[in-house]
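Okay, so here's the structure we're looking at.
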Amino acid sequence: MSLRESPFPNFFLEGLHAVGWGLIFPCFWFLDHLLAVCISTSLEHMLRREMECYLHPLQVVFGFVLFFILFIISTPFALLGFVLWVPLQAVRRPFAYHHQEQIIPMEDRNARWEESGKVSFVFLSGNLCMLPDGVARFNNLGHTQNRAAYIGKSIVQGVTRPHICIFVDSPSSCSTVTPSSSLIPQPAPSSYGSIDVSATNPLEDIRETDDLPKPSCNQNSNQHKDPPRTLLRDADVPVEVSALFPSSVDVMCFQEVFDKRAALKLTRALGPLYGHVLYDVGVYACQPAGTCSSFKFFNSGLFLASRYPVMEAEYHCFPNGRGEDALAAKGLLTVKVEIGLRKGEKKMVGYINCTHLHAPEGDGAIRFEQLNMLTKWINEFQAVTRREDEMVVFDVLCGDFNFDNCSPNDRLEQSHSVFEDYMDPCRAGAGREKPWVIGTLLEHPTLYDENTRTPDSLQRTLETEELRKDYISPPVALGGVPLVYPESDQPWTGRRIDYLLYRESAVSSHGKTELEEFTYVTQLAGLTDHVPLAFRLAVSLDPQPAF
């Protein structure tokens, strides 16, 4: 079943919605810029000091007065649009769907799967912090529209590169190394700017003048100033910190893509590569009792881009949000995709589940209940959408869970049964991480420090335990109990609140799921406050029974 692209049932309602939002948008835009002109990122502070800019106080004063006046003038039009916009949310489907033919080629790993009896898939998840610009600055991130455009370009540049393995001729390592920024030339500098995008790009200047070595990929690996990075290993699973997105990612799930214009820019950038995109996911305004109990000013922020056609999709809003988190329609997006392959009479399908849980620390009971809800919703969705003529080859759950597996404050969530249903490759047990695990939540004040502001430098920081302590958020102590971390003989990992999980039971009746690769991606250094995660799953299918 193909999805209708518009979230509205007909063009008339879609037009009314466009008129209502068109009346609201100027007021929203002026308010956003009113906040943005008053809040500077640490990078902007640093650049102003370097440029000896003394006019900034005047820019703040005049900018504030100008945008405040324009905000007041546009408010009556916004109220009129609001009256038109709110009732239409009752008939709006809770996501928009973009579909186009794939025009950028990408490696097909499963072209000859029948010979090997194995199919493999790559998944990626990350929090992009694409809030309206004025709000994003509270997380030390600015210029949301420019970040969205650059992130889209970075993803395309990363995933369309060839997947090659480089054999390291070294007495200390006999493993293979996948390409990192030290071995492959970096993409051309982007147009992303952090101050004045119409002028010389200051962030680009920082990256260009960085004195880090940039060896040529044509040299022998033993001739590099920086030796090739060997992979950490979890049994037979290679684990890498990579300055580039993995090649040929099949499905990408993002969180905090709240801004509609940023979501559209990301969709346009990824559309030629990922022909099926779900964005603007969530509900707005007041919804019927039993779904969302408070007025929603923001959508869920969930965003999914898939190489495979979306057969069915469903969204659920968490009804128990509290405080500022209740302003956003956080919830669960469940999607069924068609792989395009068949085994005998059965066609292969897969399930992807993307979520973003309640954020404030100390609200573990709310997150625990949301985990209860999402496991129930996932099982209900799969029970309704499974068909006899289909074979499930993957079942993935990912997202920003807003709790980690090392903080005493998160003990309740760490013990949830979702980790019995789904495999967490990073988890050794409740409250215990595997030795190679790296935290994914970066400290906001240090996002633009020399050790974190470029993909190369962030890569080296994550690979060095002593450096990680300064740039990754530490565990959260339980109230009134002194924090002892890490335990003796355990490495310092920091908070891993971003998760990539997979369920073996969905595939076990006809095959076996194996984790082939796990990757921490640093290509978005300076563009988000999270470290994206990726893994590759391989499914060995049982041979066709003979009759």
Side-chain angles (χ1 to χ4, degrees), residues 24 27-41 71 78 82 85-86 89 94 126-142 144 147 254-263 280-287 289 291-303 315-333 354-371 373-374 399-404 407 409-410 412-413 440-445 447 473 476 479 495 497-498 528-530:
I24 294 172
C27 183
F28 166 81
W29 192 88
F30 294 138
L31 179 60
D32 186 35
H33 280 64
L34 178 65
L35 289 173
V37 78
C38 298
I39 305 171
S40 297
T41 65
F71 169 72
F82 190 75
W85 176 81
V86 168
Q89 305 312 307
N127 185 316
L128 301 185
C129 197
M130 287 186 187
L131 292 151
D133 192 34
V135 182
R137 288 169 177 271
F138 288 100
N139 287 355
N140 201 19
L141 291 162
T144 297
R147 284 193 295 119
F254 296 121
Q255 303 84 48
E256 290 199 11
V257 188
F258 289 113
D259 189 276
K260 291 183 180 180
R261 290 185 298 149
D280 196 11
V281 179
V283 293
Y284 296 94
C286 293
Q287 297 299 312
T291 55
C292 289
S293 57
S294 59
F295 195 94
K296 303 300 178 185
F297 289 94
F298 297 101
N299 59 31
S300 70
L302 301 177
F303 182 102
Y315 161 81
H316 291 275
C317 180
F318 294 131
N320 63 339
R322 190 169 68 182
E324 68 274 14
D325 247 39
L327 300 177
K330 288 185 175 181
L332 172 73
L333 176 65
C354 182
T355 190
H356 189 185
L357 302 186
H358 188 72
E361 297 174 1
D363 287 342
I366 293 178
R367 283 186 291 272
F368 190 88
E369 182 59 28
Q370 290 177 349
L371 289 172
M373 294 178 201
L374 70 84
D400 181 351
F401 286 14
N402 273 312
F403 68 86
D404 59 61
S407 292
N409 190 61
D410 296 334
L412 179 64
E413 303 96 296
T440 60
L441 180 62
L442 300 175
E443 291 279 66
H444 293 150
L447 287 179
S473 293
V476 180
R495 301 198 70 196
I497 66 173
D498 300 272
T528 180
D529 55 349
H530 288 242

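Taking the side chain as every heavy atom from C-beta outward, Phe254 and His356 never approach each other to under 4.5 Å. Contact of the Phe318 side chain with the Met373 side chain is registered, since non-hydrogen atoms from C-beta on lie closer than 4.5 Å. For the pair Lys330/Thr355, no side-chain contact is recorded, criterion being any heavy-atom separation below 4.5 Å from C-beta on. Under the 4.5 Å side-chain criterion, counting only non-hydrogen atoms from C-beta, Asn127 is in contact with Asp498. Here the side chains of Leu441 and His530 are in contact, with some heavy-atom distance below 4.5 Å. Counting only heavy atoms from C-beta outward, the side chains of Asp410 and Val476 never approach each other to under 4.5 Å. Taking the side chain as every heavy atom from C-beta outward, Glu324 and Pro360 approach each other to under 4.5 Å. No side-chain heavy atom of Cys354 sits less than 4.5 Å from a side-chain heavy atom of Phe303.
Side-chain N or O atoms of Asp32 include one that pairs as donor or acceptor with a backbone N or O of Gly134 at under 3.5 Å.
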Begin from the C-alpha positions of Leu447 and Leu442 and carry the test side-chain contact (heavy atoms from CB on, under 4.5 Å) through to its verdict.
CA-CA 7 Å; Leu447 287 179; Leu442 300 175; 3.8 Å; yes
With salt bridge (Lys or Arg N to Asp or Glu O under 4.0 Å) as the test, would you mind laying out the steps for Glu443 and Arg495 before giving the verdict?
CA-CA 10 Å; Glu443 291 279 66; Arg495 301 198 70 196; over 6 Å; no
Passes salt bridge (Lys or Arg N to Asp or Glu O under 4.0 Å), Asp133 versus Arg137? Steps please.
CA-CA 6 Å; Asp133 192 34; Arg137 288 169 177 271; 3.5 Å; yes
Dump the intermediate steps for side-chain contact (heavy atoms from CB on, under 4.5 Å) on Lys296 and Cys317, then the final yes or no.
CA-CA 10 Å; Lys296 303 300 178 185; Cys317 180; 4.2 Å; yes
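Taking CG from Asp259 and CZ from Phe298, the interatomic distance works out to 9.0 Å, rounded to the nearest 0.5 Å. The CD1 atom of Ile497 sits 5.5 Å away from the OG1 atom of Thr440 when rounded to the nearest 0.5 Å. We find the CG-CG distance between Leu332 and Leu371 to be 10.5 Å, quoted to the nearest 0.5 Å. Interatomic distance, Arg147 CZ to Thr528 OG1, rounded to the nearest 0.5 Å: 6.5 Å.
With ring centers used as reference points, Phe295 lies under 6.0 Å from Phe297.
Heavy atoms only, all atoms of each residue included: Arg367 and Phe401 are closest at CD-O, 3.5 Å. The shortest heavy-atom contact between Asp529 and Asn139 is OD2-ND2, 3.8 Å. Looking at every heavy atom in both residues, Asn299 comes nearest to Val257 through OD1-O, 4.0 Å. Considering every non-hydrogen atom in both Glu256 and Cys129, the closest pair reads OE1-CA, 3.4 Å. The two residues Ser300 and Tyr315 have their closest heavy-atom pair at CB-CE1, 3.9 Å. The two residues Thr144 and Ala262 make their nearest non-hydrogen contact at CG2-CB, 3.8 Å.
By the 6.0 Å contact criterion, CZ on Arg322 is open, its count of non-hydrogen atoms from other residues, nucleotides or ligands being 12 or less.
Under a cutoff of 6.0 Å and an axis angle of 45°, Lys260 and Tyr284 form a cation-pi pair.
Exactly one of Ile366, Asn320, Asn402 qualifies for a side chain to side chain contact (heavy atoms under 4.5 Å, CB included) with His358. That residue is Ile366. Of the residues listed (Leu302, Leu128, Leu357), the one engaging Gln255 in a side chain to side chain contact (heavy atoms under 4.5 Å, CB included) is Leu302, and it is the only one.
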